[in-house]
Novice: 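Please read through the structure below; I'll follow up with questions.
Just so we're on the same page: letters track the sequence lines, and every chain starts at 1. Atom set for the values below is all heavy atoms of this structure, side chains included, hydrogens, waters and symmetry mates excluded. A quick note: this is a predicted structure, and the numbers were derived from the prediction, not measured.
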Number of protein chains: 2
Amino acid sequence: MPAVTPEPAAVVARPGGRTARIRAAVLQAAGDALVADGFDRLDLADVARRAEVGRTTVYRRWGTPAAIVADLLDDMAAQSLPRADTGTLRGDLRANARLVRRTLTDPRQGPLFRAVIVAATADPRAAEALRRFYAIRIAEWAPCVTQAVTRGELPAGTDADEVIRAVSAPLYYRFLMSGDPLDEPAADRAADAAAAAAEAGVYR
Amino acid sequence: MPAVTPEPAAVVARPGGRTARIRAAVLQAAGDALVADGFDRLDLADVARRAEVGRTTVYRRWGTPAAIVADLLDDMAAQSLPRADTGTLRGDLRANARLVRRTLTDPRQGPLFRAVIVAATADPRAAEALRRFYAIRIAEWAPCVTQAVTRGELPAGTDADEVIRAVSAPLYYRFLMSGDPLDEPAADRAADAAAAAAEAGVYR
DNA sequence: GGCATAACGGGACTCCCGTTCCATTAGCGG
DNA sequence: CCGCTAATGGAACGGGAGTCCCGTTATGCC
């Protein structure tokens, strides 16, 4: 544990070539280490070795595993995924559910998300980075719901964000706790359940 | 990390007074430590200090933080909570949702559940203990759904376990990821959403 | 292109986690 | 009640994570 909280990794006086290169190498290496060993075994010295960077640099700029994960998460949030537009609420929600499912079962992204969620339970900055991440993702998909309201598929006043979250929730529940298979039928059921509840006016 | 995997804590040749007393003291101390510092800071030496037990004993009998958590979880599973029987599906599911909400927001149980879920992502035995735990909880509440089927509130062939899980999922999603408030309206909405989806035949 | 200094890297040092060894305690069977 | 031995606990040891010090590198600015 560091004696003092280091500066956020993004705040640097010289964000030039070397610093940026090192940040990229460290985040890449941290991702690899997280996929291989999980968050609880994340060792900054190991990350430095993988990134071919001095240990001191990693300890100084990030200081804790959770800080690295928070930075990694902000990096992931930058890459955006386009939402679907199938013309029906159910189609859009199914597309969203399948995307979430594919992400969580991906051999690299799955362990990464696990690590990120674990880090968020331990570190407030990682928790905030996680919330920022999902805020972006949800905002990207909320238009599916507002369009459905416009089309008359859903009652007016439906909380779009809540519907999108309702699609993800059962999938994350399986992912983190129950261990039940995360297959496509499960994804479709999650989407259909959210749609049915929204149609019934639960999220109004 | 121990050189070899120690025996499961329950398997002891002399489960008599001293051994049982030490197990109880260690689990109590581990719970306190988890509530205070979270799983990632769980230190077996600290647990031994709190339990007023030799470090060696803790390292020998459990070996890893995750093993202690798994044992603690089996201990928690032993205490059962009675399910509700309000006469209607919606009433029963709301009672369940409110119980889950109260558990997760409880100043002791909340951090404990967080720790347990984190441990499950890192250790297979903790993960299995977690699945056992929820299997018991879900089996206790599934009759609410089968009764609703009998009463004709739900279509025949509805997957009772899946409905109960659908009630919990949005609450755990808030608890672990979104950080949105876990208040009673949220609990009721989770119950209503599960009921609406079940009525629509999504879980058939 | 040259200067000031932010940022990096190597090496040594410290501290504490986890292990091992062995003496002591206390269940459990006779 | 008496031994046998499982189980506990104290103490010392080894190793690795995290810190500190200081010399080196290269970035941003003039």
Side-chain angles (χ1 to χ4, degrees), chain A residues 1-30 33-34 36-69 71 119 122-123, chain B residues 1-30 33-34 36-69 71 119 122-123:
Chain A
M1 207 171 11
V4 296
T5 305
E7 292 290 304
V11 178
V12 283
R14 286 179 181 175
R18 182 170 63 168
T19 295
R21 201 162 44 247
I22 282 183
R23 184 176 108 106
V26 167
L27 292 188
Q28 175 70 36
L34 286 174
D37 301 332
F39 178 75
D40 64 309
R41 294 196 206 275
L42 185 60
D43 171 24
L44 297 206
D46 179 49
V47 171
R49 258 191 308 274
R50 288 171 181 263
E52 295 180 337
V53 157
R55 294 185 291 285
T56 314
T57 301
V58 177
Y59 280 112
R60 186 171 29 228
R61 281 191 59 185
W62 288 275
T64 68
I68 291 193
V69 170
D71 199 18
D123 182 89
Chain B
M1 209 172 8
V4 296
T5 304
E7 291 291 305
V11 178
V12 284
R14 286 180 181 174
R18 183 169 63 165
T19 296
R21 199 161 47 245
I22 282 183
R23 184 175 109 106
V26 167
L27 293 188
Q28 174 71 36
L34 287 173
D37 301 332
F39 178 75
D40 64 308
R41 295 196 205 275
L42 186 61
D43 171 23
L44 297 206
D46 179 49
V47 171
R49 259 191 308 275
R50 288 171 182 264
E52 296 180 336
V53 158
R55 294 187 291 283
T56 314
T57 301
V58 177
Y59 281 111
R60 186 170 31 227
R61 282 189 57 184
W62 289 276
T64 67
I68 291 193
V69 170
D71 199 18
D123 182 89

Novice: CZ of B:Arg41 versus C1' of D:dG18: gap in Å, rounded?
Specialist: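 Those two atoms, CZ and C1', are 14 Å apart.
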Novice: Quick one: which protein N/O atoms are closer than 3.5 Å to N/O atoms of nucleotides 9-12 of chain D? Pair and distance per line, please.
Specialist:
unit_1	atom_1	unit_2	atom_2	d
D:dG9	OP2	B:Gly54	N	2.9
D:dG9	OP2	B:Thr57	OG1	2.9
D:dG9	N7	B:Arg60	NH2	3.4
D:dG10	O6	B:Thr56	OG1	3.0

Novice: Tell me: CG of B:Asp40 to P of C:dC17, nearest whole Å?
Specialist: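 Between P of C:dC17 and CG of B:Asp40: 14 Å.
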Novice: Using 4.0 Å as the upper bound for N to carboxylate O, is an ion pair formed by A:Asp71 and A:Arg61?
Specialist: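 No.
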Novice: Please lay out, stage by stage, how B:Asp40 and A:Asp123 fare under the test side chain to side chain contact (heavy atoms under 4.5 Å, CB included).
Specialist: CA-CA 10 Å; B:Asp40 64 308; A:Asp123 182 89; over 6 Å; no
Novice: Starting the side chain at C-beta, find the nucleotide from C:dC8, D:dA7, D:dA17 nearest to B:Thr19.
Specialist: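 Closest of the options to the side chain of B:Thr19: D:dA7.
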Novice: Starting at atom CZ of B:Arg49, determine the distance to atom C1' of D:dT8, rounded to an integer number of angstrom.
Specialist: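 It works out to 18 Å between those atoms.
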Novice: Looking only at heavy atoms, what is the nearest atom pair of A:Trp62 and A:Ala67, with distance?
Specialist: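 Smallest interatomic distance, heavy atoms only, reads O-CB, 3.4 Å.
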Novice: Under 3.5 Å, sequence neighbours excluded: what are the donor-acceptor pairs made by side chains of residues 46-55 of chain B?
Specialist:
unit_1	atom_1	unit_2	atom_2	d
B:Asp46	OD2	B:Arg50	NE	3.1

Novice: Please give me the minimum heavy-atom distance between B:Tyr59 and B:Ala45, naming the atom from each residue.
Specialist: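 Looks like OH-N, 3.9 Å.
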Novice: Rounding to a whole Å, what distance do you find between B:Tyr59:OH and D:dA7:C1'?
Specialist: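 Whole-Å distance recorded here is 18 Å.
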Novice: When the distance from CD1 of B:Ile68 to P of C:dC17 is rounded to whole Å, what number comes out?
Specialist: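 My rounded result for the distance is 14 Å.
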Novice: Please state how far atom CH2 in A:Trp62 lies from atom P in C:dA7, giving the value in whole angstrom units.
Specialist: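 From A:Trp62 CH2 to C:dA7 P: 12 Å.
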Novice: Calculate the interatomic distance between B:Arg21 atom CZ and C:dA26 atom C1'; express it in whole Å.
Specialist: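 These atoms are roughly 10 Å apart.
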Novice: What is the separation between atom CG on A:Leu42 and atom C1' on D:dG18, rounded to the nearest whole Å?
Specialist: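 In whole Å, D:dG18 C1' and A:Leu42 CG are 14 Å from each other.
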Novice: Of all heavy-atom pairs between B:Ile68 and B:Ala30, which one has the smallest distance, and what is that distance?
Specialist: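 Between these two residues, the closest heavy atoms are CG2-CB, 3.5 Å.
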